[in-house]
J.: 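Here it is: the structure, laid out below.
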There are 2 protein chains.
Amino acid sequence: MVNETQHTCSASSSSRSDGGSSSGSESSKDNSRCSTPVLDADRHERLREKMRRRQDAGDKWFSLEFFPPRTANAAVNLISRFDRMGAGGPLFIDVTWHPAGDPGSDKETSSMIIANTAVNYCGLETILHMTCCNQTKDDITGHLQKAKRLGLKNIMALRGDPSGEEWEEEVEGFNYAVDLVKHIRNEFDDYFDICVAGYPKGHPEAESYEADLRHLKEKVFAGADFIITQLFFRPETFLKFMKDCQAIGITCPIIPGIFPIQGYHSLRQLVKLSKLEVPQEIKDVIEPIKDNDAAIRSYGVELAVSMCRELLDSGMVHGLHFYTLNREVATTEVLKRLGIWKEDPRRPLPWAVSAHPKRRVEDVRPIFWASRPKSYIYRTQEWDDFPNGRWGNSSSPAFGELKDYYLFYLKSKSPREELLKMWGEELTGEESVFEVFTCYITGEPNRNGYKVTCMPWNDDPLATETNLLKDQLEKVNRRGILTINSQPNINGKPSTDPIVGWGPSGGYVFQKAYLEFFTSSEIVTALLKVLKKYELRVNYHIVNVKGQNITNAPDLQPNAVTWGIFPGREIIQPTVVDPVSFLSWKDEAFALWIEQWAKLYEEESPSRMIIQYIHDNYYLVNLVDNDFPLENCLWQVVEDTFELLN
Amino acid sequence: MVNETQHTCSASSSSRSDGGSSSGSESSKDNSRCSTPVLDADRHERLREKMRRRQDAGDKWFSLEFFPPRTANAAVNLISRFDRMGAGGPLFIDVTWHPAGDPGSDKETSSMIIANTAVNYCGLETILHMTCCNQTKDDITGHLQKAKRLGLKNIMALRGDPSGEEWEEEVEGFNYAVDLVKHIRNEFDDYFDICVAGYPKGHPEAESYEADLRHLKEKVFAGADFIITQLFFRPETFLKFMKDCQAIGITCPIIPGIFPIQGYHSLRQLVKLSKLEVPQEIKDVIEPIKDNDAAIRSYGVELAVSMCRELLDSGMVHGLHFYTLNREVATTEVLKRLGIWKEDPRRPLPWAVSAHPKRRVEDVRPIFWASRPKSYIYRTQEWDDFPNGRWGNSSSPAFGELKDYYLFYLKSKSPREELLKMWGEELTGEESVFEVFTCYITGEPNRNGYKVTCMPWNDDPLATETNLLKDQLEKVNRRGILTINSQPNINGKPSTDPIVGWGPSGGYVFQKAYLEFFTSSEIVTALLKVLKKYELRVNYHIVNVKGQNITNAPDLQPNAVTWGIFPGREIIQPTVVDPVSFLSWKDEAFALWIEQWAKLYEEESPSRMIIQYIHDNYYLVNLVDNDFPLENCLWQVVEDTFELLN
């Protein structure tokens, strides 16, 4: 939005009095039969409603603006940043639109795909920017349809920079942002929440500040739901602008755009693009320290904090919009100092909820993808319904193929060289693989002094919850029970428990102990003998890469392994062991040996052949201890198995 | 079936080789998405499959034959008998068809309605007899369609007695049972399981025993699934018949019809109708004791037990069919002595599951109708879907009106005079009502020396589970908290617990404490003040007859108050407190004061006015303690309320 240019003369727009007022048909659909008990009102509200609710409740909020990255690697990093900055609780993020960068394409760096990733894979409420000038109606409609299909619900309607030297209005074309607002309302009714840009100092190309305010009013009356402003340097600039807007009848929310100064050059470039003038008092501070990045950033943070405080204290501002320039440190620091960065350890469900409107009712997933939620979302993106309440699709869960293991949002954050350091430049046998698993669990450095912070099945360090099982996991991994997923049994802990809690407060959460691992056929043979003793207590699935499948699950029914009981609500069971989808997971879990690990090594190399051997010969096993009120028996099962082998 | 007459010459029937073999389309529908986890395979099997499964498992079973009653009062008694004898675990019951008694009508004494009641209200697998002679094709099709609509899945296809002196075959008509079998298969494909009659001694009108066997084979080949035989007096009669059937290629199950002799006259009449001869050795015993009913019945039981033992020991017989003559004692005694009467305290769900195929997936009900399940079934009989997994209909639960409080299956088993003795010939004030409630709870006789064994909201004595709360309930009823429903909190008892257990073994069941009562507005005022202290812990609904409704239920969501966790399964939550259906229940609960109690007294009488006053001014309250792992706080809530009042 920073380099957005606005129209300079008024288009003959008829005002749209009902713009953005009636609630969509979708919300009534959400209220129909068999809907999920609402765990979190947020999940069912549209952005403008969330904004309103926060305002009514007196909650201050913030939002974050990003631009699309230039390379696939930068995209991977940006997605990680979404996850990290998402933890602070932004009300939304937005992704800018760069006409030169093929913004509506399927490229992993396009605005469309980055916004799609934020919504679907990171669970963030997201606004996609869209510019209209020099584009055909069909192009624009196509982009909007695609955005809708991908689950995007919010558009920032902009004019964009006219290309070419001398720009001329097209009679029937999209000349101004207001044309785009009208087009969206005409073609998509109330489906999208629409945001438009406001210019606290007036748009540089506008005849006057007053004329610019009138243009803004037109955009709002054409159907925009709220306004985000261009950056500004003094709080009074914004507060005056806001009063002026209200004076001419603009009543929708107006969100100040905050730009924490992060460096001398970025400031200069920005100022040039936006044609803003930096106040003398700021120049006076910056010029002398222009080569000291750290000093400028400190000053920028200070300045932003003080301006934000003044805005919030005015009582007129409820939310702050940050131009992050895709950087994390300065914005995060400002937010933390303002006290509106809120890392809530409480989760509505044990897994992160996707923000796609179609997935709003989703409240149950198979446990297998616990560490690979993005893969699960990717592979189920074509589903029309999402399991809710019951593991509904279990009879025919058509999981999409995961052919491209380098889909950018599934790619490891670590480059090949780092992975080799962690997982071994050279493997000498199955035991060196056991060692890698063990180091990942213990957090101890491997024999070459490197910590193993990720595995093919888990791109992050061990979850806090898994830490509860650390000692036992270490023991079994050393002996060739190569664990990739596990959870302890929980018999009614408060839903506010910082480690295993989820859902509204006042509830109780429960889990059945779960253990999933790869192991050799020799160990499986012994394990099966041992499991006979535990037949009534332990459910198991044991499968190899060829699909040989041994299980005692009754009628291929799913087994609920996480559930919660809450005041005044139905029971929620967000995680199940589903025998049918386990077979889809099995393919993925085995493939990761090859795609992520074996391929680090030369073909025919001994290291590669060791991983290939494991892939071809090991079994993937999962065990559930159904007696959740008793002490977890799965360690005893493993112990008995080793004893039988000796 | 006893007075059934069979055809005497063979109809030119083509054999139907696929009769009864392919499984219906319905079972595949049951396997579709969102289906209920199977708690009890029985619920999803058709009768012939259940029979096969029992036989394969080596389980011996029995079934019971009844005839429709002559009066509405007799119907009420018969339904109670269904409930009592159903407790012994019959594989099915069957209801005979009496052409003279308007058997297909909606009268409460018709065969159709009695069978409907057995299936839908008593949850019994039921076979409806149907005769065809002297009936038009349209009549028969109409009866079958109605049976299907009511959820009946099994037909016993019979010829019936020709009316008039000289019966002649109609060329295009239904002359023999085989015509009816074919008609059912033609018109209803594989929807019904069809049973036909076999005659161990040959049908009295058949040319010969051999000719009769051929007719039986025709019926089977026309599509019958199994055979029930006419009664017989010697086990060898049946065993020979069975071998003869097998010899000519009849391979379907053949179930011996057992008639325990219960009296001299009933035996004589039966023998006359069935044209059977009583063996001399039996006559020799009976004639001398013909005026001693008890002696004859003892002998009859003895004889039946010994014959059944011989049949079962032969290894050829897996199930026994009893002609009960609508009596309970003799048959029950025979079954108990044989060891095949199996009162299973274990329940698939906390409430009795209906046998209607449409309701098979039903696995959640509102708690309010816990003591009036027949009313719940009646009022929801028009629902297309039944809640499963989630309380699906809560957004618009269209409960049928319960206008006719004398619907025979909802009528009290006790006559007016008895009710007056229990509930008071004359009431002197609200306190005398408190006393009635208290006597019902304690089981102590009232001031006139009568025990109060039923209440308008509960036609049976206190449930075993409620007994757990007896002392507290007594205390609060004495003081005007008039309880009509309650359950203790349960924090993970084994599913096999004899009192609160349900579902498959190896599971754990849970409950939130629940208390529902009528009380005065004075007490409600104090209660509401007390509830403020318990706001986060206790959910409440408080409503009066006019519909004034006070609640703290979030978003009118249902609150699960009974649930179970089982090995290898999803979570089951069979009972909820649903705020929306509570308002339908409220109408019924208040109406019962008037319909069942006030109307016992003369209009304008003081007693009637007391009940009317309570109806007009009291509130119906329900309370749920969400903290099921802690000690039930509802008694403290009530205690605090009384304290506040003092």
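Sequence lines set the chain letters: A, B, ... in the order given, protein chains first and strands last, and positions in each chain run from 1.
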J.: So, taking the atom named CZ in B:R569 and the one named CD in A:Q573, what distance separates them when rounded to the nearest 0.5 Å?
T.: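 Nearest 0.5 Å value for the CZ-CD distance: 13.0 Å.
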J.: If you count heavy-atom pairs within less than 4.5 Å of chain B, which of A:A560, A:P567, A:G506 leads?
T.: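 Heavy-atom pairs under 4.5 Å are most numerous for A:P567.
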J.: Please walk me through it: do A:I565 and B:K512 pass side-chain contact (heavy atoms from CB on, under 4.5 Å)?
T.: CA-CA 10 Å; A:I565 316 297; B:K512 290 180 180 175; 3.6 Å; yes
J.: Measuring heavy-atom distances to chain A, does B:N539 have an atom under 4.5 Å in its side chain, in its backbone, in both, or in neither?
T.: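 The answer is the side chain of B:N539.
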J.: Any sub-3.5 Å donor-acceptor pair from A:N626's side-chain atoms to B:G507's backbone N or O?
T.: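 Between the backbone of B:G507 and the side chain of A:N626 there is no qualifying donor-acceptor contact (under 3.5 Å).
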J.: Does B:R537 have any salt bridge (charged side-chain N to carboxylate O under 4.0 Å, His left out) partners at least two apart in sequence or in another chain, and if so, which?
T.: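 Salt bridge (charged side-chain N to carboxylate O under 4.0 Å, His left out) check on B:R537 returns B:D625, B:D627.
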J.: Should the heavy atoms of other residues, nucleotides or ligands under 6.0 Å from CG of A:L536 be counted, would the total exceed 12?
T.: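 No, not enclosed.
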J.: With sequence neighbours left out, what residues match B:P373 under side-chain contact (heavy atoms from CB on, under 4.5 Å)?
T.: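 B:P373 satisfies side-chain contact (heavy atoms from CB on, under 4.5 Å) with B:R365 once adjacent residues are dropped.
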J.: Rounded to the nearest 0.5 Å, how far apart are CZ of B:F510 and OH of A:Y508?
T.: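 One finds 12.0 Å between CZ of B:F510 and OH of A:Y508.
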